[in-house]
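In what follows, a single structure is set out as structure tokens and then discussed.
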2 protein chains.
Amino acid sequence: MNTRLEAALAVSTVIFALRSDPGSGLSSLWLPLVRRTRDPYLGRWALPGGGLPTDEGLAGAAARALRETTGLTPKYLEQLYTFGDPGRSPGGRVVSVVYWALVESGEAALAVEDENVHWFPADHLPPLAFDHNRIVEYALWRLRTKVEYSRIAHAFLGETFTLAQLREVHEAVLQKALDPANFRRTVESSGTVVDTGRRVAGVPHRPPRLYRYNDSVPAAEPGALEPAIG
Amino acid sequence: MNTRLEAALAVSTVIFALRSDPGSGLSSLWLPLVRRTRDPYLGRWALPGGGLPTDEGLAGAAARALRETTGLTPKYLEQLYTFGDPGRSPGGRVVSVVYWALVESGEAALAVEDENVHWFPADHLPPLAFDHNRIVEYALWRLRTKVEYSRIAHAFLGETFTLAQLREVHEAVLQKALDPANFRRTVESSGTVVDTGRRVAGVPHRPPRLYRYNDSVPAAEPGALEPAIG
DNA sequence: GTGACTTCTGGTCAGACTGACTATAAGATG
DNA sequence: CATCTTATAGTCAGTCTGACCAGAAGTCAC
């Protein structure tokens, strides 16, 4: 079990944030990619990541890659899958432990973006390096599945939020409209949010209540294993 | 991404089979462990596994470890999680990609067992090497969660089976009794099994129908990622 | 100030689903 | 044939969900 092995080990992260679509004005999922500066796939876009320092945990390495490329801190971080088919990387076996992360939308708007870091709409990606298109597809599936039964949507929002904002997150992730009244009923009965007593002022209609996330309700997560951040 | 790294890479497998409990006569979950023949944890029981050959996929390595230790072929095999905390292995960083597998019960009764391979009841394990107790706990959680929404229970059974046998699998995994009539209603409406038209003969009561697994109904699985075997 | 407008928020209603339970079917066994 | 055991069908009430209705409560135009 302690044999030194031939395969190289890497940690990558699929980072999601909500941004409003230039066309429709609706929010949708975006993710940052980095341009490869080496062969193989020189010049192609790829998931941020890198090697695994000896003294760092897997989740720590994922969070660091995220911070180094985007300057952001994830509000949610969880292991996705480990990809290790021989042949997924031309020129040497690479085993990639992939994490997925959610970052706050307001913060994400300020994220680093330059020649080598660029945000793309998650549903319309160019051909990426390695098998990264497939990895993003799987991460999207996982996000869309999990948002329905777990309480991760608030990771896209700030400290306090209205139920309409929370609903818009769900709508953006699931790509379908939700009935406001039914959504409210479901969320309220789940106990995942708490009324702060405050309301939003200055809106040209009835002012909505502000809620905050309820930390005391445990997520429906594995007994022995929690998300790294969440 | 192609840097040679310091951490060693290993693949381990949590293998589940059903066996009848000596005491109660009821079926329960058992798993095979191997005795460590080297330090660290010399003499302790551990999950079967080993290094990753250069030309072999992760799932392939998991299936091979399973075959080599138990002589069995898994009817279900899926990646569980990758454990890589620094310090989880005394004497050198090890990153373990862990799979979980289900094997047919009839076949499992014939499995290899000797001085260095032994089957244990999954709920009463001795202290294992490394963090393997925690890994088994997580695999158990995953099995128990997944058996309720996915159709993996048939992996414990043979080609054809009665609904009572399928129900007993669920009862053994979930550790609670299920109403036979309600179970039948749920399974039949799910379309996951097909009536073979045959019945079991020679039982001292009304003969039950024999069903087989319906391959044509797709599992509720990731779009981009399937279980290795299932 | 007043009415129009918009979203918030509370409520109803019907159909689907679930757990508990009852009853009949169909074989073996003595 | 009576009896026993499990298989299998059906009922009923409570819960959950999607579709929909209606009043509440602000801003804004006039």
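Naming convention: chains lettered A, B, ... in sequence-line order (proteins, then strands); numbering from 1 in each chain. Note that the structure is predicted; figures quoted are calculated from it, not measured.
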Counting only side-chain heavy atoms from C-beta out, which of C:dT9, C:dC21, C:dC8 sits nearest to B:Asn182? C:dC21
Of A:Ala181 and A:Pro204, whose nearest nucleotide on DNA chain D comes first from the 5' end? A:Ala181
Between B:Asp179 and A:Val203, which residue's closest nucleotide on DNA chain D lies nearer the 5′ terminus? B:Asp179
Could you give the CZ-to-P distance, from A:Arg167 to C:dT9, as a whole number of Å? 11 Å
Check for a donor-acceptor pair, side chain of A:Arg144 on one end and backbone N or O of A:Val173 on the other, with a separation under 3.5 Å. yes
Would you say A:Tyr213 and A:Lys75 are linked by a side-chain donor-acceptor pair, where the criterion is simply a distance under 3.5 Å? no
Locate the shortest heavy-atom distance separating B:Leu58 from B:Gln79; write the atom from each residue and the value. CD1-OE1, 4.3 Å
What is the distance, rounded to the nearest whole Å, between atom CZ of B:Phe183 and atom P of C:dT18? 13 Å
Rounded to the nearest angstrom, tell me the gap between atom CZ in A:Arg206 and atom P in D:dA24. 9 Å
Can you tell me which residue among B:Thr196, B:Leu157, B:Val193 is in a side-chain contact (heavy atoms from CB on, under 4.5 Å) with B:Arg212? B:Thr196
With respect to the side chain of B:Arg199, which nucleotide from D:dA19, D:dT8, D:dC20 is positioned closest? D:dT8
Considering only heavy atoms from C-beta outward, does the side chain of B:Ile152 approach that of B:Val147 to under 4.5 Å? yes
Can you check whether A:Arg184 has a side-chain N or O nearer than 4.0 Å to OP1 or OP2 of C:dT9? yes
What contact category does B:Ala201 fall into here, base, sugar-phosphate, or nothing, at under 4.0 angstrom with non-hydrogen atoms? nothing
Separation of atom CZ in B:Phe161 from atom P in D:dA7, rounded to whole Å: 14 Å
If the cut-off is 4.0 Å, is A:Arg209 near the phosphate of C:dT9, judged by side-chain N/O to OP1 or OP2? yes
Rounded interatomic separation in angstrom, taking CZ from B:Arg185 and P from D:dA7: 17 Å
Rounding to an integer number of Å, can you tell me how far A:His205 NE2 sits from C:dT6 P? 11 Å
Over how many whole Å does the gap from A:Glu148 atom CD to D:dG18 atom C1' extend? 14 Å
